[in-house]
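Reckoned from all heavy atoms, side chains included, excluding hydrogens, waters and symmetry mates. In the text below, chain A, chain B and the rest are named by the order of the sequence lines, each starting its count at 1.
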2 protein chains.
Amino acid sequence: MKNYRLIIADDHKMFLDGLLSILESKKEYEIVLTANNGKNVAKYLDINNSKEPIDLVITDVNMPDLNGIELNKHIKSNHSKTKTLVVSMLHDSMTVQTLTKDNVDGYVPKNAEKEELLEAIESILKGEKYFSQSIKDVYLKGMFSNEQTLIESLSKREKEVLKLIAQEHTTQEIADKLFLSKHTIESYRKNLISKLEVRNLAGLTKYAIKLGLVDD
Amino acid sequence: MKNYRLIIADDHKMFLDGLLSILESKKEYEIVLTANNGKNVAKYLDINNSKEPIDLVITDVNMPDLNGIELNKHIKSNHSKTKTLVVSMLHDSMTVQTLTKDNVDGYVPKNAEKEELLEAIESILKGEKYFSQSIKDVYLKGMFSNEQTLIESLSKREKEVLKLIAQEHTTQEIADKLFLSKHTIESYRKNLISKLEVRNLAGLTKYAIKLGLVDD
DNA sequence: AATAACATCCCTGTTTTCAGGGATATCTTT
DNA sequence: AAAGATATCCCTGAAAACAGGGATGTTATT
């Protein structure tokens, strides 16, 4: 009988209990540690992993102290034998992309059936990758929308100007604020409109929000 | 020994399991039904409730078929003896306000500790109301921010124009689209700027997004 | 019946944005 | 060394937005 050692990290107590009750049905999984943040998991691995290695860390994305993305990165850099499975509520394409880039072993949304979760765990422990269809969809959507690349094509200064534009400042005001010529800001505005393929201020504002440059 | 009959509704299987495992520790709670949508709960109550009444329905907000808000409304209109407790991930002030208006008995966020959940259930079964502090905060914030009232102060037509403005249409284009004079749209734009207390298109666009009039 | 809110339209004048050209200097990458 | 991206600045003219007035008829609400 196989015996796998797992760690679960989630700051939602109720959800943790849900995972535990699902995993308790499987005798071959030993839950070595549960944590409500990534830091404690990282700490545990750093101290104890060499003695009795952890096979799999199941983690949420949004957690205090050390979130799932950072935790995955840490594990993949320092504990290469330990697999990682992300189980999360929200999944934007950026998050999925970052995680796959950091070599995460699987990603299952929280609204998945428990059967799928168990399948994901099994696959990963066998050395395969497991991504739910909805996660793949999000990933592909992110890949084939030029949105992401557009955003990345903006320089620091351009983002700065875009932010101020979205904050309802006029060209003149922005020029004064940045100690630049009015013409310079006009150029930026023009370039932004053309780069982001929008028509006017409204479009720029929407992009600024998408980029997280403005609060609302 | 008391015996309470509960129903749980949540479309997230894992979360349902979490709730179940928490409630199974309490012998006095009998889980009569679990459902992944509101409709099945409503149906069950409509058929069986008079024989053996249900004491409490624990429900998520976002569910297919019949969401938590509608389910609560249905229960409060047709099964007044059945208490309701909402357990949800996201909680905007509108949702909280609607639910309290519809006389929900409690509201606990999903990231609450299991102790708090059990306390909420106990309180409600005793006939009290239970709202987590974070829920109260959201509620109060919604009450005292003029944002909500501002949004509600917009007429249907104003919202329609605002939407088109945020979709990057010019005044002339909107006029053509709605078969109205350019001057009319200009008036709307002016009124919107003054009502929403913003300076320009950027501000209007941000409000349109907040209102959910435009996708992004 | 009166008031308020809504929807519609009009005018004038100023400011800002948008579109379309350029130019120059720096810095990085090939 | 050349090419490309970045940051900066300039100009013109048209289109659009913004500010500030007003007006009229309809529909709710009181």
Side-chain angles (χ1 to χ4, degrees), chain A residues 146-214 216, chain B residues 101 146-211 213-214 216:
Chain A
N146 45 9
E147 202 167 283
Q148 210 56 36
T149 51
L150 277 181
I151 284 171
E152 275 160 14
S153 76
L154 298 185
S155 72
K156 215 169 198 173
R157 201 56 149 172
E158 283 173 327
K159 284 183 196 165
E160 194 176 8
V161 172
L162 177 56
K163 177 181 174 179
L164 290 166
I165 288 174
Q167 282 172 349
E168 302 176 55
H169 297 290
T170 66
T171 297
Q172 187 60 63
E173 287 170 354
I174 298 170
D176 294 345
K177 196 163 286 210
L178 301 181
F179 304 107
L180 292 175
S181 157
K182 170 186 154 187
H183 301 291
T184 307
I185 308 303
E186 267 172 1
S187 293
Y188 279 118
R189 180 190 287 268
K190 197 179 14 174
N191 284 334
L192 285 166
I193 287 178
S194 125
K195 272 193 183 178
L196 301 177
E197 293 173 311
V198 296
R199 294 182 67 188
N200 57 26
L201 232 184
L204 290 180
T205 306
K206 288 192 276 183
Y207 254 103
I209 290 173
K210 236 181 285 186
L211 256 165
L213 294 176
V214 282
D216 39 30
Chain B
K101 188 172 58 67
N146 46 6
E147 202 167 282
Q148 210 57 34
T149 51
L150 276 180
I151 284 170
E152 276 159 14
S153 77
L154 298 184
S155 73
K156 216 171 198 173
R157 200 55 147 171
E158 283 173 327
K159 283 183 197 164
E160 194 177 9
V161 172
L162 177 56
K163 178 181 175 177
L164 290 166
I165 289 174
Q167 283 173 349
E168 302 176 55
H169 297 291
T170 66
T171 296
Q172 187 60 61
E173 287 171 356
I174 297 169
D176 293 345
K177 196 162 285 205
L178 301 181
F179 304 106
L180 293 173
S181 157
K182 170 186 154 185
H183 302 292
T184 308
I185 308 302
E186 269 173 1
S187 293
Y188 278 119
R189 182 189 286 269
K190 197 178 13 173
N191 284 335
L192 285 166
I193 286 180
S194 123
K195 270 193 184 177
L196 300 177
E197 293 172 310
V198 295
R199 293 184 68 188
N200 57 26
L201 231 183
L204 291 180
T205 306
K206 288 192 276 181
Y207 254 101
I209 291 173
K210 236 180 283 186
L211 257 165
L213 294 176
V214 282
D216 41 28

Pairs: protein N or O with nucleotides 10-12 of chain C N or O, under 3.5 Å:
residue: C:dC10; atom: OP2; partner: B:Ser181; partner atom: OG; Å: 2.9
residue: C:dC10; atom: N4; partner: B:Ser187; partner atom: OG; Å: 3.4

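You'll find that the side chain of B:Lys195 is closest to C:dC6, out of C:dA19, C:dC6, D:dT6. Listed nucleotides: C:dA7, D:dC18, D:dT6. Nearest to the side chain of B:Tyr188: C:dA7.
Residue B:Arg157 places at least one side-chain N or O closer than 4.0 Å to OP1 or OP2 of C:dT8. For the OP1/OP2 pair of C:dC18 and a distance below 4.0 Å, the side-chain nitrogens and oxygens of A:Arg189 include at least one atom meeting the criterion.
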Run the side chain to side chain contact (heavy atoms under 4.5 Å, CB included) check on B:Glu186 and B:Lys190 step by step: do they pass? CA-CA 6 Å; B:Glu186 269 173 1; B:Lys190 197 178 13 173; over 6 Å; no

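A heavy-atom distance below 4.0 Å to DNA chain D is reached by these residues of residues 166-180 of chain B, ordered by number: B:Thr170, B:Thr171.
Nearest heavy atom pair, residue A:Lys195 against residue A:Leu154, reads CD-CD2, 3.8 Å.
In this structure, A:Glu160 pairs ionically with A:Arg157, as a charged nitrogen and a carboxylate oxygen lie closer than 4.0 Å.
Between the CG atom of A:Leu178 and the CG atom of A:Leu164 there is a distance of 5.5 Å, given to the nearest 0.5 Å. In this structure, the separation between OH on A:Tyr188 and CG on A:Leu180 is 7.0 Å, given to the nearest 0.5 Å.
Among the candidates B:Thr171, B:Asn200, B:Thr184, the single residue satisfying the side chain to side chain donor-acceptor pair (under 3.5 Å) test with B:Arg189 is B:Thr171.
A donor-acceptor pair under 3.5 Å links the side-chain atoms of B:Lys206 to the main chain of A:Ala166, judged by distance alone.
With sequence neighbours excluded, no residue forms a side chain to side chain contact (heavy atoms under 4.5 Å, CB included) with A:Ser187.
One can place CG of B:Asn191 at 10 Å from P of C:dA7, the figure rounded to the nearest angstrom.
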